[in-house]
Amino acid sequence: MKKQIPHGLKSIRNDKVKKFRKAPVAYSVPKLKDFSAASLDKAADKLRSALETEAEAIDTWDQWVAFRDRWVARKNGIVTQVRETWLKNAPPSAKAGVGKAFNATKKLVEDTVDGKRQSVMRWAEERELGPPEASKRGFSTAKEAVRAIYQFERLDITLPGIPRPLGAEHPVIKTMNEIVSVFRNLGYSVQEGPVIETDYYNFEALNFPLNHPARDTQDTLFIANQESKPVRDRLLLRTHTSPVQIRTMEKLKPPIRIVIPGKVHRNDPPDASHSPMFHQIEGLAVDTNITFGDLKGTLDHAMKALFGSSVKTSFRPSFFPFTEPSAEMMVTCFICGGSGKRGSEPCRPCKQTGWIEILGCGMVDPNVFEFVKDNGYDPRKVSGFAFGMGADRVALLKYGVDDIQLFFQGDVRFLRQFA
Ligand code: DAH
């Protein structure tokens, strides 16, 4: 009876493979003696090192094409041979293991072939010279072609340079910098803190008790899978810049005067006046004998510096867990000058009231000082005021922009107007 050629060996009749067999490194897929993990590993190792050796030797597009056909051609490529000789012949008990090894090998071969294609392409494309083009020009390899071009090319310093377009400060950042500089001129320094915050700093130490409804007003975005931690250690996206008040008081002894610019997040659906990401500027002054009069004087001065000396301020009672008493501050509308009208038209930014609500503020609640008492903030000895304002809102008003989303969509046609 005619001896049956084992399936896998058929491939060596393939012309392309024969060509490779002449080379000392030529690799062909061996039959497995057994299907144990050990012999599988050994066979896979051999294949891998052959693959590497052959890949390394590739210099030209044509070589890559031959390499690709030899390894991944559907009909009789080495991957196909591995499937036929190793996987198909594996006894049922070894199928799973061989299958795994086959998949890994297949992926490695495909990745290597593709990686090589990219590097051969890159070589030539860097010089806008496709590999087929290189051989048309009489170079046997793309590398050779590139080398030749470099040799004849010289830098022409008389050519005009490439103009780089100048960027511009984003309107929100610009506004924040202006606000910060008003306070710097009053002797305030700048502090920053993390955007991913713990429950402790965002809520607990700011006198938001656990389960207190005031937490609900903040529409907090929580980091997932924190349930196994104690509540105070759970991570969230800070909903305001106020936690940096605590972080700073832990770090610096009184007296302090600081402003805190930064990003904050809340679970608010985006619309013309809301964004899940926005910016705040926080302020905090702590010393002995700080009074509500200091708060009013400081903020009134800051608003005049920001919006013009004719603006007036007004305070009305409010509530924040970390200040007592708390207030909301209004400024006379700097669009209509407080009249509520622009010519015969109603003034939209202030909704015809002549006033714009600009920030929250108040005297630091003694309960807050209790959390940092050990660093010199004994509520019986020190007092302070704090405030927080939305920077995006100020920017909207300042520049007469009617949709906050425009600030965050990255449309250069919009942003260019602020350059
Ligand atoms: N953190 C408050 C908010 O985001 C704003 C605020 C109010 C900050 C009063 C303060 C303050 O420092 O005293 O709604």
Side-chain angles (χ1 to χ4, degrees), residues 172 176 179-180 183 188 190-195 197-208 212-221 236-249 256-268 273-287 290-300 302-303 313-331 356-369 371-372 377 379 382-394 404:
V172 171
M176 288 173 96
I179 299 171
V180 165
F183 285 95
Y188 284 60
V190 179
Q191 291 290 327
E192 288 183 295
V195 175
E197 206 24 298
T198 60
D199 186 280
Y200 177 78
Y201 287 110
N202 198 76
F203 290 125
E204 186 180 339
L206 287 166
N207 198 34
F208 287 80
H212 192 280
R215 290 182 172 223
D216 301 345
T217 64
Q218 303 260 333
D219 298 312
T220 311
L221 289 160
L236 44 80
L237 297 183
R238 70 177 177 196
T239 56
H240 51 179
T241 41
S242 307
V244 189
Q245 289 189 26
I246 308 296
R247 287 184 175 275
T248 307
M249 288 192 283
I256 56 165
R257 291 192 297 275
I258 55 163
V259 278
I260 305 152
K263 263 189 207 322
V264 302
H265 293 79
R266 289 188 196 176
N267 187 18
D268 285 330
S273 54
H274 293 85
S275 163
M277 185 282 300
F278 58 106
H279 300 81
Q280 288 189 335
I281 302 209
E282 186 89 12
L284 173 68
V286 182
D287 202 340
I290 296 262
T291 68
F292 204 90
D294 296 314
L295 181 161
K296 288 178 88 171
T298 303
L299 291 180
D300 187 75
M303 295 306 119
T313 53
S314 163
F315 294 79
R316 66 176 181 204
S318 183
F319 172 80
F320 300 102
F322 39 92
T323 44
E324 184 59 35
S326 304
E328 255 155 35
M329 190 184 75
M330 332 267 282
V331 293
I356 287 175
E357 195 189 303
I358 201 95
L359 56 76
C361 58
M363 300 307 290
V364 178
D365 193 303
N367 290 346
V368 171
F369 285 138
F371 286 93
V372 286
Y377 293 86
V382 297
S383 57
F385 68 78
F387 58 89
M389 67 176 116
D392 322 80
R393 205 172 116 73
V394 174
I404 194 174

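Ligands are counted one by one from 1 in listed order, and the atoms in each one are counted from 1 as well. When a residue number appears, it is its place in the shown sequence, counting from 1. Note that these values count all heavy atoms, side chains included, but never hydrogens, waters or copies made by symmetry.
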Plane angle bin for Y377 and F369 - parallel if under 30°, tilted between 30 and 60°, otherwise perpendicular: parallel
Enumerated ligand 1 atoms positioned under 4.0 Å from heavy atoms of C361: 9 (C), 11 (C), 13 (O)
Donor-acceptor under 3.5 Å (R238 side chain, Y201 main chain): no
Region of S242 that comes within reach of ligand 1 [heavy atoms, distance under 4.0 Å]: side chain
Residue pair T241 / V264, side-chain heavy-atom distance below 4.5 Å: yes
Closest protein heavy atom (residue, atom, distance) for atom 11 (C) of ligand 1: F322 CE1, 3.4 Å
Contacting atoms of ligand 1, where contact means under 4.0 angstrom from a heavy atom of F387: 8 (C), 10 (C), 11 (C), 12 (O), 13 (O)
Heavy-atom nearest neighbour in the protein, as seen from atom 3 (C) of ligand 1, with distance rounded to 0.1 Å: R266 NH2, 3.6 Å
Within-4.5 Å side-chain heavy-atom neighbours: M363 and I290: yes
Residue F320 vicinity, atoms of ligand 1 by number, heavy atom under 4.0 Å: 7 (C), 9 (C)
Ligand-side contact atoms (ligand 1) for residue partner T323, heavy atom cut-off under 4.0 Å: 13 (O)
Side-chain donor/acceptor of D294 to backbone N/O of T291, under 3.5 Å: yes
Contacting atoms of ligand 1, where contact means under 4.0 angstrom from a heavy atom of Q245: 12 (O)
Inter-residue atom distance Y200.OH - L236.CG, 0.5 Å rounding: 14.0 Å
Which of the ligand 1 atoms, numbered from 1, are nearer than 4.0 Å to a heavy atom of G362: 13 (O)
Flag side-chain contact, heavy atom, 4.5 Å: F208 against N202: no
Among M329, Q280, E282, closest by any non-hydrogen atom to atom 12 (O) of ligand 1: E282
Contact check: A386 vs ligand 1, nitrogen or oxygen atoms, below 3.5 angstrom: yes
Ring centroid separation H240 to F320 under 6.0 Å: no
Under-4.0 Å heavy-atom contact with ligand 1, by part of F385 that carries it: neither
